[in-house]
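For reference, the structure is listed below as structure tokens.
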Amino acid sequence: MANSLVSVQIIPKTPNGEDVIPYVDRAIAIIEASGVNYQVNPLETTMEGELSTLLRVIEQMSEAMVEMGCASVMSQVKIVYNPTGISMDKLTEKYR
């Protein structure tokens with residue numbers, strides 16, 4: 001069972017001030033390739049898994065932005081850690 005939920009909003013400083021959507025699409029592709037459970041929301045993406053794995057995914061996302069030509073990347077991150085287990089479904093079940 002996953003021990004963490006991590007929500008991330010990545011804000012790349014694009015090379016020429018262009019639209020960030022292709023960059024965000026690349027970041028989401030990295031999450032997809034990682035194999036972790038995730039949910040894309042309008043302002044952030046939430047991932048579910050082991051904390052160390054999720055932090056590595058964020059690192060890979062940042063590195064990809066630089067590879068795409070961004071001078072810098074800001075990420076806003078929220079973390080919920082529970083060593084006995086946590087899931088997106090469990091936190092939202094009362095709203096279904």
Side-chain angles (χ1 to χ4, degrees):
M1 176 173 270
N3 69 15
S4 298
L5 299 177
V6 174
S7 291
V8 59
Q9 179 187 31
I10 193 161
I11 307 164
K13 183 173 182 181
T14 58
N16 298 305
E18 60 265 68
D19 187 12
V20 299
I21 297 302
Y23 297 83
V24 171
D25 288 344
R26 174 71 178 119
I28 292 170
I30 290 167
I31 295 170
E32 173 77 27
S34 75
V36 302
N37 188 26
Y38 71 98
Q39 180 178 342
V40 176
N41 298 298
L43 299 176
E44 63 190 12
T45 299
T46 301
M47 301 180 287
E48 180 180 286
E50 297 300 310
L51 182 58
S52 59
T53 300
L54 301 179
L55 293 175
R56 277 195 300 275
V57 172
I58 293 171
E59 181 179 27
Q60 292 168 357
M61 291 164 57
S62 297
E63 290 170 348
M65 298 302 101
V66 172
E67 290 169 5
M68 291 178 73
C70 296
S72 64
V73 183
M74 178 175 26
S75 297
Q76 295 185 11
V77 179
K78 297 179 222 170
I79 299 172
V80 176
Y81 175 77
N82 186 333
T84 62
I86 192 164
S87 71
M88 288 184 277
D89 288 340
K90 185 69 175 165
L91 286 182
T92 59
E93 68 186 357
K94 73 178 185 180
Y95 300 107
R96 286 184 246 146

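Computed over heavy atoms, backbone and side chain alike; hydrogens, waters and symmetry mates excluded. Predicted, not measured: the structure shown is a model, and the values here were computed from it. For this chain, numbers begin at 1 and follow the sequence in order.
Distance alone, capped at 3.5 Å, places no donor-acceptor pair between the T45 side chain and the N41 backbone. The backbone N or O of L51 sits less than 3.5 Å from a side-chain atom of N3, completing a donor-acceptor pair. In this structure, the side chain of T53 does not engage the main chain of G49 through any donor-acceptor pair within 3.5 Å. Remark: side-chain polar atoms of R26 are not paired, donor with acceptor, to backbone N or O of I21 under 3.5 angstrom. For E18 (side chain) and N16 (main-chain N/O), a donor-acceptor pair under 3.5 Å exists by modelled atom type. A donor-acceptor pair under 3.5 Å links the side-chain atoms of S34 to the main chain of V36, judged by distance alone.
Checked for salt-bridge contact, K90 and E93 meet the test: a charged N lies under 4.0 Å from a carboxylate O.
Of all non-hydrogen atoms in P15 and G69, the two that sit nearest each other are CG-O, 3.2 Å. For the pair M65 and A27, the tightest heavy-atom approach, listed with the atom from each and the gap, is CE-N, 4.0 Å.
Cluster membership for M74 and V66, using ILVMFWY side-chain heavy atoms within less than 4.5 angstrom, is not shared. No single ILVMFWY cluster, assembled from side-chain heavy atoms under 4.5 Å apart, contains both L5 and M47. Linking Ile, Leu, Val, Met, Phe, Trp and Tyr residues whenever their side-chain heavy atoms come within less than 4.5 Å leaves V77 and I86 in two separate clusters. In terms of hydrophobic clustering, with Ile, Leu, Val, Met, Phe, Trp and Tyr side chains grouped at heavy-atom distances under 4.5 Å, V80 and M1 are assigned to different clusters. Linking ILVMFWY residues whenever their side-chain heavy atoms come closer than 4.5 Å, directly or via other members, places I10 and V40 in the same cluster.
The line from CD of Q9 to CD of E44 is 7.0 Å long, rounded to the nearest 0.5 Å. If you take CD on Q60 and CG on L55, they are separated by 11.0 Å, rounding to the nearest 0.5 Å. With rounding to the nearest 0.5 angstrom, the CD atom of Q76 is 8.0 Å from the NZ atom of K78. To the nearest 0.5 Å, atom CD of residue E48 and atom OG of residue S4 are 10.0 Å apart. Interatomic distance, L54 CG to E59 CD, rounded to the nearest 0.5 Å: 13.0 Å. Residue E50 holds its CD atom at 10.0 Å from CZ of R56, rounded to the nearest 0.5 Å.
Within the 4.5 Å cutoff, side-chain heavy atoms of M68 are placed close to those of Y23. Residues M61 and I31 have side chains in contact (heavy-atom distance under 4.5 Å, counting atoms from C-beta outward). Within the 4.5 Å cutoff, side-chain heavy atoms of I58 are placed close to those of V6. Side-chain contact between M88 and N37 is present, with heavy atoms from C-beta onward closer than 4.5 Å.
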Apply side-chain hydrogen bond (donor to acceptor under 3.5 Å, both in side chains) to D89 and S87, showing your working.
-> CA-CA 5 Å; D89 288 340; S87 71; 5.4 Å; no

